[in-house]
Protein chains: 2
Amino acid sequence: MSSSPDLPHPERSELSLTTVLFALSDPERLAIARQLVDGPLDMAECHLSNPDVPKSTKSHLMKVLRTAGVVRNEANGRARRLSLRREDLDARFPGLLDAVLSADDPKPKA
Amino acid sequence: MSSSPDLPHPERSELSLTTVLFALSDPERLAIARQLVDGPLDMAECHLSNPDVPKSTKSHLMKVLRTAGVVRNEANGRARRLSLRREDLDARFPGLLDAVLSADDPKPKA
DNA sequence: TGAAAGGTTCGAAATAATTCGAACAATGGA
DNA sequence: TCCATTGTTCGAATTATTTCGAACCTTTCA
């Protein structure tokens, strides 16, 4: 049987502030993080502002979030379950996630 | 006479979350912001981790912080006075600056 | 006035990040 | 078993960011 590949995730102690800030500094990635505040979603349920973006691009956005430690990406059948690493982020950078997620951003970067 | 150029600064209402996050996502720029928490400094008093970086590079780092609205850059004699735009940032993105500045970051991005 | 101090801007080169098609892999059903 | 679903990864092209020297601008002070 074997199973879907386990992707690498940084440990809590390895999280880097600047790397997390960078991951969240893209409007599309920030929007993804926001979609996960109410609980995990399968990748297909996470929407981008442009629905026509190829899956490889979407996968790359997820990778930036995952390697920064913002999001966890686990196999879930043939899908992928995305979840916010809220506990790790709160422990490592208290108040940061709340501030970022609760901020309103009428004029995004790009 | 005339006077030193007044550089453009975004208004409070124009501040963009992702742009601010991007500005702070670089270790050198984050370090500069941290040097300003206790009050304004002249540019020459803001130190980079590498003291040999050319002034044009340093000026560019400041520009990214300024155009993001993180820092104010005003003429001060022949020098430039840098200050954190704490009030604007706090008003626009409550808790964000505190979270970023108080976080410890043992493993910087680059 | 002349020149040094302290910075900004411009342009070009080097680096880094993003985008996306194609190839590949595992899962779940028919 | 076969094949559609749901992704990841690789490589190449595009685009964005960074770096830095050179030119330039004010201010200060001798």
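- Counting only heavy atoms from C-beta outward, the side chains of A:V64 and A:D26 never approach each other to under 4.5 Å.
- A:L65 has its CG atom 15 Å from the P atom of D:dG7, to the nearest Å.
- Side-chain contact between B:V70 and B:R85 is absent, with no heavy-atom pair separated by less than 4.5 Å.
- Taking every heavy atom of residues 66-83 of chain B and every atom of DNA chain D, pairs under 4.0 Å involve B:G77, B:R78, by number.
- One atom, CG of A:L21, and another, C1' of D:dT17, lie 17 Å apart when rounded to the nearest Å.
- To the nearest angstrom, P of C:dT18 lies 12 Å from NZ of A:K63.
- A 4.5 Å side-chain heavy-atom check between B:C46 and B:M62 finds at least one atom pair inside the cut-off.
- A straight line from CD of B:E28 to P of C:dT15 spans 18 Å, rounded to a whole angstrom.
- Here D:dG7 presents its P atom at 16 Å from CG of A:D6, a figure rounded to the nearest Å.
- Atom CG of A:L15 sits about 6.0 Å away from atom CZ of A:R92, to the nearest 0.5 Å.
- Between A:K58 atom NZ and D:dT6 atom C1' the separation is 10 Å, expressed in whole Å.
- The phosphate of C:dG7 (OP1 or OP2) has no side-chain N or O of B:S59 nearer than 4.0 angstrom.
- In this structure, A:E87 and A:R12 have side chains that are in contact, with non-hydrogen atoms separated by less than 4.5 Å.
- Between A:R29 atom CZ and C:dT18 atom C1' there is a gap of 9 Å when expressed in whole angstrom units.
- Side chains of A:H9 and A:R72 form a contact here, defined as non-hydrogen atoms less than 4.5 Å apart.
- An OP1 or OP2 oxygen of D:dG21 is reached within less than 4.0 angstrom by no side-chain nitrogen or oxygen of B:S56.
- A:D98 is linked by a salt bridge (charged side-chain N to carboxylate O under 4.0 Å, His left out) to A:R86, counting only residues two or more places apart in sequence or in another chain.
- Between B:R66 and the options B:L61, B:N73, B:L82, a side chain to side chain contact (heavy atoms under 4.5 Å, CB included) holds for only B:N73.
- In this structure, CZ on A:R29 lies 11.0 Å from CG on B:L21, to the nearest 0.5 angstrom.
- Atom-to-atom, NZ of B:K55 to C1' of C:dA5 comes out at 8 Å; the value is rounded to the nearest Å.
- Contacts between residues 33-53 of chain A and DNA chain D, defined by a heavy-atom separation under 4.0 Å, are made by A:M43, A:A44.
- The phosphate of D:dT18 (OP1 or OP2) has a side-chain N or O of B:H60 nearer than 4.0 angstrom.
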